[in-house]
Novice: 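Here's a structure for you.
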Number of protein chains: 2
Amino acid sequence: MNRQALSREKVAGLLRQHGITPTHQRIEIAHALFERGEHLSADRILALVNARHAETSKATVYNTLKLFLKKKLIRELIIDPAKVVYDPNTAAHHHFYDVVTGKLTDVPADDIRVSGLPPLPKGTVAEGVDIIIRTRPQS
Amino acid sequence: MNRQALSREKVAGLLRQHGITPTHQRIEIAHALFERGEHLSADRILALVNARHAETSKATVYNTLKLFLKKKLIRELIIDPAKVVYDPNTAAHHHFYDVVTGKLTDVPADDIRVSGLPPLPKGTVAEGVDIIIRTRPQS
DNA sequence: GGGCTGAATTAGACGAAGTCCAGGGTTTGT
DNA sequence: ACAAACCCTGGACTTCGTCTAATTCAGCCC
Ligand SMILES: [Mn+2]
Ligand SMILES: [Mn+2]
Ligand SMILES: [Zn+2]
Ligand SMILES: [Zn+2]
């Protein structure tokens, strides 16, 4: 999706559109996610943001990711038992997950239909559906 | 599924059928899972097994769950970021997950059809599909 | 029974992900 | 300029899970 250098200004605009005050640290974190368009873990983001020179603390990375999540700027994926992964793609989509390599691949939700679901448990309403297709390297 | 008292002997037989030497600790752990038929976390199992008098260590609980997993006696569910949950139901099925209460409910896979999936990534083969329907308490 | 041997169990140290807090800095509004 | 609100930070802390080295146990043979 996001090809080419993504300017800090555009990222700041994106944050404002979501009601997030764009601070230096928040811009760097959002930039790391949206420039790559990849699924990233918190510690990976921490490393990326501090690659040139240290400028963002661990606490801020975690706080910021939770803020982005609440403002629906990003999604959270619980797939690997060892770490949560953050997804800059908030369009409806699903994932291939290679259980050996750990690689995650997006699956557009466009044509996907799920039929035969039973009614929801009493007193609950649907929030969304996550489909994970587990794969492994051939033979 | 498993109603009524489930005897230790039957559990031992189940373990043998899966190529697992039935030790005292393994029988207790399997018993905890299969008698209830519920989704349980490792620490919950540790507490259950040691409820009367301490007899099983944390290391053994983790070792044993991984063994059961390898022998396909149980399944592992990665849904809650904070803890892995073990599922004594190995029949094909999916889950409702209440994002507020954390409650997990089985969804039989019988009538469920997923259509429109794109081809798998090159060089991978399918392992299985997990569907999680996220719900929340009404209003 | 009494040893022998590999498998199973254990306490407790360790590692990694994530949370929390109190203090200090920065922005905003007037 | 001043206060209030907001933001960031180091580092202690919690929790889940893993690892290791030492012990115990189970099955087997004599
Ligand atoms: Mn992480
Ligand atoms: Mn646990
Ligand atoms: Zn994705
Ligand atoms: Zn289940």
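A, B, ... follow the sequence lines: proteins, then strands. Residue 1 opens every chain. Below, all heavy atoms of this structure are taken into account, side chains as well, without hydrogens, waters or symmetry copies.
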Novice: Can you pull the salt bridge (Lys or Arg N to Asp or Glu O under 4.0 Å) pairs that have at least one residue in residues 66-82 of chain B, sequence neighbours excluded?
Specialist: B:R75-B:D130
Novice: Can you tell me the distance, in whole Å, between the CG atom of A:L67 and the P atom of C:dT19?
Specialist: 14 Å
Novice: Within this structure, what is the NZ-to-C1' distance between B:K66 and D:dG17, rounded to whole angstrom?
Specialist: 9 Å
Novice: At less than 4.0 Å, is any side-chain N or O atom of A:S57 found next to OP1 or OP2 of D:dT9? Yes or no.
Specialist: yes
Novice: Polar pairs (N or O, both sides) under 3.5 Å between protein and nucleotides 13-15 of chain D?
Specialist:
none

Novice: If we only count heavy atoms from C-beta on, is the B:P137 to B:T101 side-chain gap below 4.5 Å?
Specialist: yes
Novice: Filter on salt bridge (Lys or Arg N to Asp or Glu O under 4.0 Å), then keep only pairs touching residues 86-103 of chain A, sequence neighbours left out; what's left?
Specialist: none
Novice: List the residues meeting side-chain contact (heavy atoms from CB on, under 4.5 Å) with A:P118, not counting sequence neighbours, and say none if there are none.
Specialist: B:F96, B:V107
Novice: Just the rounded figure in Å: distance from P of D:dC8 to CD of A:E55.
Specialist: 12 Å
Novice: Taking CG from A:L46 and P from C:dT19, how many angstroms apart are they, rounded to a whole number?
Specialist: 14 Å
Novice: Test of understanding: with side-chain contact (heavy atoms from CB on, under 4.5 Å), list the residues that count as partners of B:L46, not counting sequence neighbours.
Specialist: B:N50, B:K58, B:V61
Novice: Between B:Y62 and D:dT18, is there a side-chain N or O to OP1/OP2 distance below 4.0 Å?
Specialist: no
Novice: Quick one: which of D:dT9, D:dG17, D:dC19 gets closest to the side chain of A:N63?
Specialist: D:dT9
Novice: Taking only residues two or more places apart in sequence or in another chain, which ones pass side-chain contact (heavy atoms from CB on, under 4.5 Å) with A:V99?
Specialist: A:Y97, A:R134, A:R136, B:E127
Novice: Heavy-atom nearest nucleotide on DNA chain C for B:P81 versus B:V61: which residue maps closer to 5'?
Specialist: B:V61
Novice: I need the full list of side-chain hydrogen bond (donor to acceptor under 3.5 Å, both in side chains) pairs touching residues 108-122 of chain B, with sequence neighbours left out, sorted by first then second residue.
Specialist: none
Novice: Test of understanding: with side-chain contact (heavy atoms from CB on, under 4.5 Å), list the residues that count as partners of A:T23, not counting sequence neighbours.
Specialist: A:Q25, A:R26
Novice: Below 4.0 angstrom, which residues in residues 17-29 of chain A have at least one non-hydrogen atom near DNA chain D?
Specialist: A:T21, A:T23, A:Q25, A:R26
Novice: Ignoring hydrogens and geometry, is there a side-chain-to-backbone donor-acceptor pair from A:H31 to A:R8 under 3.5 Å?
Specialist: no
Novice: Please report, rounded to the nearest Å, how far the P atom of C:dA16 is from the CZ atom of A:R44.
Specialist: 17 Å
